Amino acid sequence: MKGKFADLISSDQLVLIDFSAEWCGPCKMLAPILKQVKDEMGDNLKIVKIDVDKNQTLANTFQVRGVPTMMFFKNGKQLWRQSGVLQKGEIIQVAQSFM
């Protein structure tokens, strides 16, 4: 996953990484919100969900201590990071600030 992940975040397209877990209640709350964000932003934003239990090395690399943790990347650089559930409008506002 690591090489693939590097390719993914190296894009000049804005990428939102959602570090989550199957057992996480707030992660389940965030999933439909992220779908709404994707529906509204379309091809301007790529959203990738990463299960921290299945990708522990990657989660450790980015020091993910709690889920959900969202991060925006563009051109290989981490631009923003937030743990917890945010509403659609808040996520879109942050995304638009990096476009």
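Scope of the values below: all heavy atoms of this structure, side chains included, with no hydrogens, waters or symmetry mates. Everything numeric here is computed off the predicted structure, so don't read it as measured data.
- Distance CG/Asp18 to CD1/Ile50: 8.5 Å, rounded to 0.5 Å.
- For residues 24-57, no residue pair satisfies the ring-ring contact (aromatic ring centres under 6.0 Å, His included) rule, not counting sequence neighbours.
- Counting only residues at least two apart or on different chains, no ring-ring contact (aromatic ring centres under 6.0 Å, His included) pair has a member in residues 24-60.
- For Lys38, there are no side-chain hydrogen bond (donor to acceptor under 3.5 Å, both in side chains) partners at least two apart in sequence or on another chain.
- Sequence neighbours left out, the pairs with a member in residues 44-69 that pass ring-ring contact (aromatic ring centres under 6.0 Å, His included) are Phe5-Phe62, Phe62-Phe73.
- Every pair passing side-chain hydrogen bond (donor to acceptor under 3.5 Å, both in side chains) that includes a residue from residues 75-86 is listed here, sequence neighbours excluded: Thr69-Ser83.
- Shortest non-hydrogen contact noted between Leu34 and Ile47 is O-CD1, 3.5 Å.
- Sorted by first and then second residue, the pairs that involve residues 15-55 and meet disulfide bond (SG atoms under 2.5 Å apart), not counting sequence neighbours, are Cys24-Cys27.
- Nearest heavy-atom pair across Ser20 and Lys49 is OG-CE, 3.0 Å.
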field: Steps toward side-chain contact (heavy atoms from CB on, under 4.5 Å) verdict (Leu16, Lys46)
entry: CA-CA 6 Å; Leu16 173 59; Lys46 183 173 203 154; over 6 Å; no
query: Stepwise, does the side-chain contact (heavy atoms from CB on, under 4.5 Å) test hold for Asn44 with Leu14?
result: CA-CA 7 Å; Asn44 293 319; Leu14 189 61; over 6 Å; no
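- Contacts classified as salt bridge (Lys or Arg N to Asp or Glu O under 4.0 Å) and involving residues 51-69 (residues at least two apart or in different chains) are not found.
- Annotation for Lys74: atom NZ counts as buried by contact number, over 12 foreign heavy atoms lying within 6.0 Å.
- Applying the side-chain hydrogen bond (donor to acceptor under 3.5 Å, both in side chains) rule to Glu40 yields the partners Lys88; only residues at least two apart in sequence or on another chain are considered.
- Annotation: side-chain hydrogen bond (donor to acceptor under 3.5 Å, both in side chains) contacts of Lys28 (sequence neighbours excluded): none.
- Listed by first and then second residue, the ring-ring contact (aromatic ring centres under 6.0 Å, His included) pairs that reach into residues 13-51 come to none, sequence neighbours excluded.
- When all heavy atoms of Leu30 and Leu86 are compared, the closest pair comes out as CD1-O, 4.0 Å.
- Partners of Asp39 by side-chain hydrogen bond (donor to acceptor under 3.5 Å, both in side chains), not counting sequence neighbours, listed by chain and number: Lys35.
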Name each donor-acceptor pair under 3.5 Å that joins a side chain in residues 91-99 to protein atoms two or more places apart or in another chain, with its distance.
| unit_1 | atom_1 | unit_2 | atom_2 | d |
| --- | --- | --- | --- | --- |
| Ser97 | OG | Val94 | O | 2.6 |

